[in-house]
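The structure displayed is predicted, hence computed values, not measured ones.
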Amino acid sequence: MYKDEFMLEALELAKQAYALGEVPVGAVIVKDNKIIARSFNKRETNKNALLHAETDAVYKACEALNSWRLCGCDLYVTLEPCAMCAGAIVNARISNVYFGAYDKTAGCCGSVVNLFEIKGNYRPKYFGGLLEDDCSLLLSEFFKNKRIKEITVLN
């Protein structure tokens, strides 16, 4: 069952990513109405392509539960998961995915493709567009500021 408080926590994590110069995506994983893992994008900070908010949160949740199976867990994330993250969600058996902004260029919960609907795979339930305006605004501001900085450097 979706709860605003968890999406708001993911949004706060996205703001932390923004402050570090990372694409502002935050994620929390919830089990029994308690956050068991939280993360934000850390690709630039750690120079690691695998450190999307979702994959890092999945890693931490697996550690917290001492299991690779995250059945009964919900993921709250500020941006529609990409192919890598959707694959991790399927493999971890996360029950529900709640996301904010749709990703028209790389989203894999229906925007570009839908990896959660492939026959034969485990299929989590998913719900998009939650706090979409807030999540989208943060991403838009980040990329606008990034373009301004790049133009300034080029001039």
What about the rings of Y2 and Y76, do their centers lie closer together than 6.0 Å?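 When the ring centroids of Y2 and Y76 are compared, they turn out to be within the sub-6.0 Å range.
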Could you check if a side-chain atom of [X] sits within less than 4.5 angstrom of a side-chain atom of [Y], using non-hydrogen atoms only?
| X | Y | value |
| --- | --- | --- |
| L75 | I89 | yes |
| Y122 | S95 | yes |
| F6 | I35 | yes |
| C62 | L70 | yes |
| M84 | L50 | yes |
| Y98 | V77 | no |
| I36 | C73 | yes |
| V90 | F116 | yes |

Please tell me whether F99 and V30 are part of a single hydrophobic cluster in this structure, the criterion being side-chain heavy atoms less than 4.5 Å apart.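 Not linked; separate clusters.
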May I ask whether L13 and L51 are part of the same hydrophobic cluster, defined by side-chain heavy atoms of I, L, V, M, F, W, Y residues being less than 4.5 angstrom apart, directly or through others?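 They do not share one cluster, since no chain of ILVMFWY contacts under 4.5 Å joins L13 to L51.
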Over all heavy atoms of both residues, which pair between [X] and [Y] is shortest? Give the atoms and the distance, please.
| X | Y | answer |
| --- | --- | --- |
| I94 | V97 | CG2-CG2, 4.4 Å |
| L79 | E54 | O-OE2, 4.0 Å |
| Y126 | N114 | OH-ND2, 2.6 Å |

Is it true that the NZ or CZ of K144 lies under 6.0 Å from the centre of F142's six-membered ring and within 45 degrees of the ring axis?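 Not flagged: K144 not positioned over aromatic ring of F142.
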Distance-only check: which donor-acceptor pairs under 3.5 Å involve side-chain atoms of residues 100-112, not counting sequence neighbours?
| from | atom 1 | to | atom 2 | distance (Å) |
| --- | --- | --- | --- | --- |
| Y102 | OH | G128 | O | 3.4 |
| D103 | OD1 | T105 | N | 3.0 |
| D103 | OD1 | T105 | OG1 | 2.9 |
| D103 | OD1 | A106 | N | 3.1 |
| S111 | OG | E80 | OE1 | 2.5 |
| S111 | OG | E80 | OE2 | 3.4 |

Identify every side-chain donor-acceptor pair in residues 15-26 under 3.5 Å, counting partners at least two apart or on other chains, and give the distances.
| from | atom 1 | to | atom 2 | distance (Å) |
| --- | --- | --- | --- | --- |
| K15 | NZ | E12 | OE2 | 3.3 |
| Y18 | OH | N145 | ND2 | 2.6 |
| E22 | OE1 | R43 | N | 3.2 |
| E22 | OE1 | E44 | N | 3.1 |
| E22 | OE2 | E44 | N | 3.0 |
| E22 | OE2 | T45 | N | 2.5 |
| E22 | OE2 | T45 | OG1 | 2.6 |

Residue pair L65, K31: steps toward the side chain to side chain contact (heavy atoms under 4.5 Å, CB included) verdict: CA-CA 10 Å; L65 296 179; K31 174 115 174 138; 4.2 Å; yes
Do the side chain of N91 and the main chain of G87 share a donor and acceptor less than 3.5 angstrom apart?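 Judged by distance alone, yes, a pair lies under 3.5 Å.
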Contacts under 3.5 angstrom, residues 130-141 side chains, donor-acceptor by atom type, not counting sequence neighbours:
| from | atom 1 | to | atom 2 | distance (Å) |
| --- | --- | --- | --- | --- |
| S136 | OG | E132 | O | 3.0 |
| S140 | OG | S136 | O | 3.0 |

How far does [atom1] of [X] sit from [atom2] of [Y], to the nearest 0.5 angstrom?
| X | Y | atom1 | atom2 | answer |
| --- | --- | --- | --- | --- |
| K3 | D74 | NZ | CG | 10.0 Å |
| K60 | I29 | NZ | CD1 | 10.0 Å |
| T78 | L8 | OG1 | CG | 11.5 Å |
| E117 | R123 | CD | CZ | 6.0 Å |

